[in-house]
Amino acid sequence: METLSYLERVKIQSEILLPFYRRLRTEIGEARAAELLREAVEEYASALGSSVSQSTQGTSLEKLRSMLPTFTADSALDVEPVADTDEELSVNVRGCRFAEYFHALGEPQFGAMLTCEIDSPMTTAIGSDLSLDRSQTIMTGDSHCDFKWKMQGS
């Protein structure tokens with residue numbers, strides 16, 4: 001059982017990744033540094049989703065549902081339910097401690113890559129029959145994050 005919340009894990013990861021990312025931006029440019037970070041995040045997110053898929057029973061949506069407490073622990077997210085059925089799980093996130101943390105560091109773009117960009121590859125790795133639609137995030141300056149996961153064909 002994890003003893004650290006996901007929010008705490010992200011803060012610890014940032015202690016070394018952010019200085020490294022800043023050095024990369026200086027040495028190889030912002031675009032290439034962001035590309036490398038995104039590739040690493042996608043690899044991590046895919047492995048996380050695969051792990052959930054293999055270790056959890058149920059449909060892809062049920063497996064995803066089992067992950068939500070991981071991301072909301074420590075009051076990390078203020079979640080407003082929108083839809084919760086066998087075919088769809090939709091929520092609006094109205095408050096995000098991840099965004100608050102990275103905005104306070106002056107690095108919301110880094111925060112978006114490290115935290116928000118895990119969602120799509122993780123979803124795909126949980127199940128190819130599961131899709132995610134999200135058009136906005138707090139991290140990038142929007143009023144809320146709008147998550148809509150659906151079983152394909154729903």
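The residues of the chain are indexed from 1 along the displayed sequence.
In this structure, L114 CG and Q109 CD are separated by 12.5 Å, a value rounded to the nearest 0.5 Å. For the atom pair CD (Q54) and CD1 (I126), the distance works out to 11.5 Å, reported to the nearest 0.5 Å. Note: Q152 CD to S128 OG = 8.0 Å, rounded to the nearest 0.5 Å. Within the model, atoms CG of L24 and CG of L17 stand 10.0 Å from one another, a figure rounded to the nearest 0.5 Å. Between the CE atom of M151 and the CG atom of L130 there is a distance of 6.5 Å, given to the nearest 0.5 Å. To the nearest 0.5 Å, atoms CZ (F71) and OH (Y6) are separated by 5.0 Å.
Residues L77 and F98 have side chains in contact (heavy-atom distance under 4.5 Å, counting atoms from C-beta outward). Using a 4.5 Å heavy-atom cutoff, the side chains of L61 and K150 are not in contact. Between R65 and D84 the shortest side-chain heavy-atom distance falls below 4.5 Å. Within the 4.5 Å cutoff, side-chain heavy atoms of E88 are placed close to those of K148. Contact annotation: the side chain of N92 never approaches that of C145 to less than 4.5 Å [non-hydrogen atoms, C-beta and beyond]. Residues S46 and M122 fail the side-chain proximity criterion, which asks for heavy atoms closer than 4.5 Å. When side chains are defined from C-beta on, F102 counts as touching T115, because their heavy atoms get closer than 4.5 Å. Residues R22 and F110 form no side-chain contact, since every pair of their non-hydrogen atoms from C-beta on lies 4.5 Å or further apart.
Electrostatic pairing of E80 and R94 counts as a salt bridge here, judged by a charged N lying under 4.0 Å from a carboxylate O.
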Quiz item: Would K63 and S55 count as a side-chain contact (heavy atoms from CB on, under 4.5 Å) if you check the C-alpha gap in whole Å, the side-chain angles of each, and the deciding distance to 0.1 Å?
Solution: CA-CA 9 Å; K63 292 174 183 184; S55 65; over 6 Å; no

Quiz prompt | Trace of the side-chain contact (heavy atoms from CB on, under 4.5 Å) decision for S14 with K11 | solution = CA-CA 5 Å; S14 297; K11 288 178 179 180; 5.6 Å; no

Exercise. Begin with the C-alpha distance, continue with both residues' side-chain angles, and end with the deciding distance and a verdict on side-chain contact (heavy atoms from CB on, under 4.5 Å) for H144 and V93.
Key: CA-CA 5 Å; H144 66 284; V93 173; 5.8 Å; no

Exercise. Under the side chain to side chain donor-acceptor pair (under 3.5 Å) rule, what do W149 and S90 come out as? Steps first, then yes or no, please.
Key: CA-CA 6 Å; W149 289 278; S90 293; over 6 Å; no

Quiz item: Passes salt bridge (charged side-chain N to carboxylate O under 4.0 Å, His left out), E107 versus R25? Steps please.
Solution: CA-CA 13 Å; E107 291 284 354; R25 283 192 310 212; 2.9 Å; yes

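In the hydrophobic clustering of ILVMFWY residues, with side-chain heavy atoms under 4.5 Å counting as a link, L68 and L132 come out together. Residue L105 is grouped with residue L7 when hydrophobic side chains (ILVMFWY) are merged at heavy-atom distances under 4.5 angstrom, including chains of intermediate members. Clustering ILVMFWY residues whenever any of their side-chain heavy atoms sit less than 4.5 angstrom apart, transitively, puts L37 in a cluster other than the one holding I28.
A112 approaches M139 most closely through the heavy-atom pair N-CG, 3.5 Å. Closest approach of S66 to T56, counting heavy atoms only: OG-CG2, 3.6 Å.
Between the side chains of T137 and T140, at least one donor N or O lies within less than 3.5 Å of an accepting N or O.
In this structure, the side chain of R97 engages the main chain of S75 through a donor-acceptor pair within 3.5 Å. Remark: the backbone N or O of S50 is not paired with any side-chain donor or acceptor of S53 at under 3.5 angstrom.
When D146, D142, D119 are each tested for a salt bridge (charged side-chain N to carboxylate O under 4.0 Å, His left out) with R134, only one passes: D119.
Every residue two or more places apart in sequence or in another chain was checked for a ring-ring contact (aromatic ring centres under 6.0 Å, His included) with Y101, and none qualifies.
Residue pairs meeting the salt bridge (Lys or Arg N to Asp or Glu O under 4.0 Å) criterion with at least one partner in residues 37-61, sequence neighbours excluded, are R38-E117.
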